[in-house]
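Keep in mind the model is a prediction, meaning the values are calculated, not measured. Proteins come first, then strands; the chains are lettered A, B, ... in the order of their sequence lines, and each starts at number 1.
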Number of protein chains: 2
Amino acid sequence: MTHIDFLRNVSLFESLNQEELEALSDVTFTRIFSKDNVIILAEEEGDTLFILKRGQVKVSIVSEEGREVILSLLGSGSVFGELSLLDGKPRSANVVAIEETELLMLRRADFVQLIYKTPQIATALLAELATRLRKTDRQIEGLALLDVTSRISDTLLQLATEQGTETTDGVTIENRPTHQELANMSGTTRETVSRVLKRLEGQGYINCSGRKITILREDTWKT
Amino acid sequence: MTHIDFLRNVSLFESLNQEELEALSDVTFTRIFSKDNVIILAEEEGDTLFILKRGQVKVSIVSEEGREVILSLLGSGSVFGELSLLDGKPRSANVVAIEETELLMLRRADFVQLIYKTPQIATALLAELATRLRKTDRQIEGLALLDVTSRISDTLLQLATEQGTETTDGVTIENRPTHQELANMSGTTRETVSRVLKRLEGQGYINCSGRKITILREDTWKT
DNA sequence: TTTTTCATGTCACTTTTATCATTTTATAGT
DNA sequence: ACTATAAAATGATAAAAGTGACATGAAAAA
């Protein structure tokens with residue numbers, strides 16, 4: 001797939017016409033990050049916007065004691081790194097490739113140009129940030145109100161909607177994150193994830209085998 | 001203070017010239033909400049933007065079981081209610097006046113006009129949302145990693161920076177939220193807030209009296 | 001294959017925090 | 001000032017989740 005065809009399908013750029021897409025494609029450059037490579041390091045200055053073409057990355061914050069909170073996992077079509085572009089502050093989180101990932105990168109100056117020439121982009125970006133803000137608000141709600149079991153369940157459901165595939169039994173998450181990663185996404189510990197998954201499986205809510213988790217359809221629950 | 005003078009000092013509108021400010025002021029209307037009145041109700045459709053001129057509001061989510069999470073407290077100059085304007089989705093949180101509050105309101109159509117005529121507003125709004133996103137990310141980090149004491153302390157420090165006044169002893173928060181509200185801001189319970197504040201006072205970190213909390217200067221800590 | 005590293009399961013134990021119950025103190029309304 | 005109402009303090013428990021330790025298992029590297 002050419003870059004242009006790809007860019008056309010990125011929601012941020014859907015308002016651009018062929019000519020504008022070509023112009024955008026011209027100022028964009030590609031880079032491939034292999035698994036575990038750091039793409040963005042928190043605290044550093046940043047003047048690049050990233051568009052994820054292929055692969056998957058995790059956005060996370062690491063505390064001084066080394067504990068990690070995963071804010072989100074992003075897949076193809078996602079845009080990230082724009083906050084520093086918008087407010088000029090240093091990067092607020094780390095972004096690491098969790099599999100081989102191909103990124104299109106756009107420098108601030110070109111991005112500013114782009115917004116100047118096609119203001120619809122600003123509108124699209126505003127909508128994008130609005131969506132994200134709603135999502136983080138829900139995360140805060142979950143962390144503040146729910147117990148671990150519910151938080152882990154929510155994390156699974158979110159994974160399922162974002163990257164699950166429908167099967168006869170329910171929705172399957174192929175290549176699930178490790179327990180440690182699930183823990184960092186749910187604000188808990190590895191052991192607890194282990195225990196909770198075990199219990200959920202015992203109760204017939206989910207089915208684990210290898211890197212695969214299936215969230216069973218409601219009508220198969222033991223209740 | 002006239003509306004125009006007030007609007008000039010709202011960061012969102014700082015790029016507007018006198019003429020534009022007047023035009024904005026013309027399409028804006030005022031409403032006063034007394035204490036405990038609901039300004040925005042979650043789930044409802046919304047096509048109004050609010051600019052807080054005088055008073056204070058709380059933005060919160062209430063769970064089905066009735067437990068509340070306070071996402072933020074906003075004071076004069078704050079803008080809220082814009083998410084629904086940007087992505088067309090229903091309101092995601094409640095907003096309630098916690099004291100008598102004067103609001104300027106702006107309808108979607110006028111807001112869209114405004115952005116169309118003065119695109120710098122879009123940029124300012126992007127920066128505003130970026131700031132907010134960073135803030136919510138930090139909240140998530142805190143909820144996921146910190147124990148109750150640290151979360152409550154953080155909440156106090158945030159209140160102090162946002163609405164505290166410097167005194168010889170440290171920073172004073174006049175008219176502090178109730179323990180219940182502090183609990184809802186920190187993701188914990190009333191009782192725990194009570195106990196933690198007590199301990200913090202015993203250890204000489206803070207000083208409570210009536211509706212007032214003083215966060216003592218570092219050099220007076222007992223350690 | 002063999003080795004080594006990383007991921008997972010699972011124990012016993014501790015800590016933290018929520019919950020419940022009750023009393024005391026503040027605050028606001030008449 | 002008096003009373004009604006809401007807020008805060010506080011003790012006793014219980015539940016939830018974290019910790020540390022170690023065994024097992026699975027996948028990647030040599």
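- Computed from coordinates, the B:Leu197 CG to C:dT17 C1' distance equals 15 Å when rounded to whole Å.
- Within 3.5 Å, a donor on the side chain of B:Arg195 pairs with an acceptor on the base of D:dG11, or the reverse.
- With rounding to whole Å, B:Asp36 atom CG is found 14 Å from C:dT27 atom C1'.
- A side-chain donor-acceptor contact under 3.5 Å links A:Glu201 to the backbone of A:Cys208.
- Among the nucleotides C:dT17, C:dA21, D:dA17, the one closest to any side-chain atom of A:Val148 is D:dA17.
- OP1 or OP2 of C:dT10 sits under 4.0 Å from a side-chain N or O of A:Lys198.
- Whole-Å rounding puts the B:Arg190 CZ to C:dT17 P distance at 17 Å.
- Going from atom CD of B:Glu181 over to atom P of D:dA6 covers 14 Å, rounded to whole Å.
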Exercise. Take B:Asp47 and B:Arg107 through the salt bridge (Lys or Arg N to Asp or Glu O under 4.0 Å) test and state the conclusion after the steps.
Key: CA-CA 6 Å; B:Asp47 69 335; B:Arg107 300 222 154 273; 3.5 Å; yes
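- B:Thr189 has a side-chain polar atom (N or O) that falls below the 4.0 Å cut-off from OP1 or OP2 of C:dA18.
- Remark: P of D:dT10 and CD of B:Glu201 are 11 Å apart, rounded to the nearest angstrom.
- Listed pair B:Arg211 / C:dT27 meets the phosphate criterion, a side-chain N or O lying under 4.0 Å from OP1 or OP2.
- In this structure, A:Leu143 atom CG and D:dA16 atom P are separated by 18 Å, rounded to whole Å.
- Which of D:dA7, D:dA16, D:dT19 sits closest to the side chain of B:Thr178 comes down to D:dA7.
- Between A:Thr192 and D:dG18 there is a side-chain polar atom (N or O) within less than 4.0 angstrom of OP1 or OP2.
- Atom C1' of nucleotide C:dT19 and atom CD of B:Glu65 are separated by 15 Å, given to the nearest angstrom.
- By the 4.0 Å N-to-carboxylate-O rule, B:Asp5 lies close enough to B:Arg8 to be salt-bridged with it.
- The distance from atom NZ of B:Lys35 to atom C1' of D:dA6 is 11 Å, rounded to the nearest whole Å.
- As judged by a 4.0 angstrom heavy-atom cut-off over every strand, A:Arg67 is placed among residues making no nucleic acid contact.
- Using a cutoff of 4.0 Å between basic side-chain nitrogens and carboxylate oxygens, B:Glu68 and B:Lys58 are scored as salt-bridged.
- The residue B:Ser194 sits close to a base: some heavy atom pair falls under 4.0 Å.
- Proximity note for B:Thr188 (side chain, C-beta onward) versus C:dA18, D:dT10, D:dA17: the nearest is C:dA18.
- Contact check, A:His179 against C:dC6: no side-chain N or O comes under 4.0 Å of OP1 or OP2.
- Ion pairing between B:Lys135 and B:Glu162 holds under the 4.0 Å rule for side-chain N and carboxylate O.
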